[in-house]
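Written below as structure tokens is the structure these notes are about.
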Number of protein chains: 2
Amino acid sequence: MRPETIENYLKTIYNLSSNNTAVVSNQKIADKLSLNPATVTEGLRKLHELKYVVYEKSYGSRLTAAGSKLALDIVRRHRIWETYLAKELGFGWDEVHAIAEELEHVNNVKLINKLASILGNPTYDPHGDPIPDAKGKIQKSNFIKLSETKVKGNYKVMGVTDHSPTFLKYLEKHELIIGAGINIKTIEDFDNSIILVCQKKEVSISPKAAECIIVQTI
Amino acid sequence: MRPETIENYLKTIYNLSSNNTAVVSNQKIADKLSLNPATVTEGLRKLHELKYVVYEKSYGSRLTAAGSKLALDIVRRHRIWETYLAKELGFGWDEVHAIAEELEHVNNVKLINKLASILGNPTYDPHGDPIPDAKGKIQKSNFIKLSETKVKGNYKVMGVTDHSPTFLKYLEKHELIIGAGINIKTIEDFDNSIILVCQKKEVSISPKAAECIIVQTI
DNA sequence: TTATTATTTTTGGCATACCAAAAAGATAAT
DNA sequence: ATTATCTTTTTGGTATGCCAAAAATAATAA
Ligand SMILES: [Mn+2]
Ligand SMILES: [Mn+2]
Ligand SMILES: [Mn+2]
Ligand SMILES: [Mn+2]
């Protein structure tokens, strides 16, 4: 298997199993990588062979220790590049993901560590995702989705789970950026929209969008 | 053809036809890309099909206008990255080529122009090679090889034609770095070694090495 | 000019990464 | 428990990028 192919699979499995213990379905992988399910079945068989993945057919897959190590490495590269592009090169948080998607495959430890060092070894990327350190150690947080908040509560935006430019530009328009404080006013009976106040302006957030916004109680 | 494959061929043809008019042989391309000659024949047939190359069989190849444009673009990316790695990220001139070899395939105009702008739109890379501007315009120089110099002449090192770490480290050891002034003392009758003075120290340069050092009269 | 040598091309084949359609298996609904 | 619906796997097949060996062509030396 080509390194790039391996890296794309492992990163995807890592991202989809969030806590890194949950088993991941073929379909989810196929969706994320825009591949035919048949291709994913083949891919997983090979990754199992390579001992990067434990793949039990018709059940699901999870990373081995070796697979996890590799996955954390590429996740680190991706997120360091995103941070570098945003902080040092002036790109918007809606632009960095696509570029990092390519840069992440350039495997040079010295390069990534240098970028990280220039950035002051950041622990979070522009989307609020934690950045593994050079040894693969990653910050564990107990943030919740906006969709799981309680009415009348005060929260702070900590991250997003959707990196698409469309979504990120939409958030920016409402000033729902990382670090912004929000106050949940009420939930619409009709469609479960969340009405909240952010930067003194009232905003209505659809349930779908609320699923993609990560917050912390304050 | 995969973009990376196309880019590697076009860049190689460009580099091998220096003045960009000379025809390039299959063998030279095969050597540079570490490919079997049979593979190169196939590759050129496809690039001809794609109108990036004029390939006359059993004779040679040269770039079309479209191929030239693409080649200059990737040469720009390669050299801007090399310069950025050296000047902004602290890598040695012997390290940058290998990393740039991968980074050059990340095709994002805004990114490269940003890097160039941070560097002050440089016109030469760490090896003395000219960097095409955003429009593909490239500085033409009339430098000569150290092997073509005259005895008793005073010259300045302007570049190298070999980017291998071994060669570059060797040069560095003798302080034969870009910008260094040299004075040609004599040429050894026995093996045609060039005896010169650089930074007040006498150095003997083999004909093979002298072929790879670019200088200018002062 | 004729041989010798070097280069290029053709041929046949292999490995990887993918997909569409059919078959099998697992889940959910009635 | 049986059917209907998703999900996964199998099967057969394509496109790309590569190579080794043989055949053809070009360049060089005798
Ligand atoms: Mn991203
Ligand atoms: Mn991110
Ligand atoms: Mn280089
Ligand atoms: Mn260079």
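Note that the coordinates shown come from a computational prediction; the quantities given were computed from them, not determined experimentally. Because only heavy atoms are used, hydrogens play no part in the values below, and waters and symmetry mates are left out as well, while side chains stay in. Chain naming here is simple, since letters A, B, ... match the order of the sequence lines and numbering starts at 1 in each.
- Between the P atom of dG13(C) and the CD atom of Glu42(B) lies a distance of 15 Å, rounded to the nearest Å.
- To the nearest 0.5 Å, atom OG of residue Ser61(B) and atom OH of residue Tyr52(B) are 16.0 Å apart.
- Residue contacts shown for Ser61(B) are absent, as no nucleic acid heavy atom lies under 4.0 Å away.
- Nucleotides of DNA chain D lying under 4.0 Å from heavy atoms of chain A occupy a range whose first and last members, 5' to 3', are dT7(D) to dT10(D).
- Two residues are said to be in side-chain contact when any heavy atoms from C-beta on lie closer than 4.5 Å; Ile118(B) and Glu88(A) fail this criterion.
- Base contact: Asn36(B) has a heavy atom under 4.0 Å from a base atom.
- Protein atom NE2 of His48(B) is 12 Å distant from nucleotide atom P of dT9(C), rounded to whole Å.
- Regarding Tyr59(A), its OH atom lies at a distance of 15 Å from the C1' atom of dT27(C), rounded to whole Å.
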side-chain hydrogen bond (donor to acceptor under 3.5 Å, both in side chains) for His127(A) and His97(A)? Distances and angles first, verdict last.
CA-CA 9 Å; His127(A) 311 106; His97(A) 180 79; 5.5 Å; no

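- Rounded to whole Å, atom P of dC19(C) lies 10 Å from atom CG of Leu33(A).
- Computed from coordinates, the Leu44(A) CG to dC18(C) C1' distance equals 14 Å when rounded to whole Å.
- Mapping Ser58(A) and Lys57(B) onto DNA chain C by nearest heavy atom places Lys57(B) closer to the 5' end of the strand.
- As rounded to whole Å, 12 Å separates atom C1' of dA15(C) from atom CZ of Arg2(A).
- Among the nucleotides dG25(C), dT9(C), dT8(C), the one closest to any side-chain atom of Tyr55(B) is dT9(C).
- Salt bridge annotation for Glu7(A)-Arg2(A): absent, with no cationic side-chain nitrogen under 4.0 angstrom from a carboxylate oxygen.
- Under a 4.0 Å N-O distance rule, the pair Arg77(B)/Asp73(B) qualifies as a salt bridge.
- Here dT8(C) presents its P atom at 14 Å from CD of Glu56(B), a figure rounded to the nearest Å.
- Close to dT8(C), at under 4.0 Å from its OP1 or OP2, lies no side-chain N or O of Thr41(B).
- In this structure, CG of Asn8(A) is placed 15 Å from C1' of dT16(C), rounded to the nearest angstrom.
- Residue Glu104(A) is tested with Arg79(A), Lys11(A), Arg76(A) for a salt bridge (charged side-chain N to carboxylate O under 4.0 Å, His left out); the sole match is Lys11(A).
- In this structure Glu148(A) satisfies the side chain to side chain donor-acceptor pair (under 3.5 Å) test with no other residue, sequence neighbours excluded.
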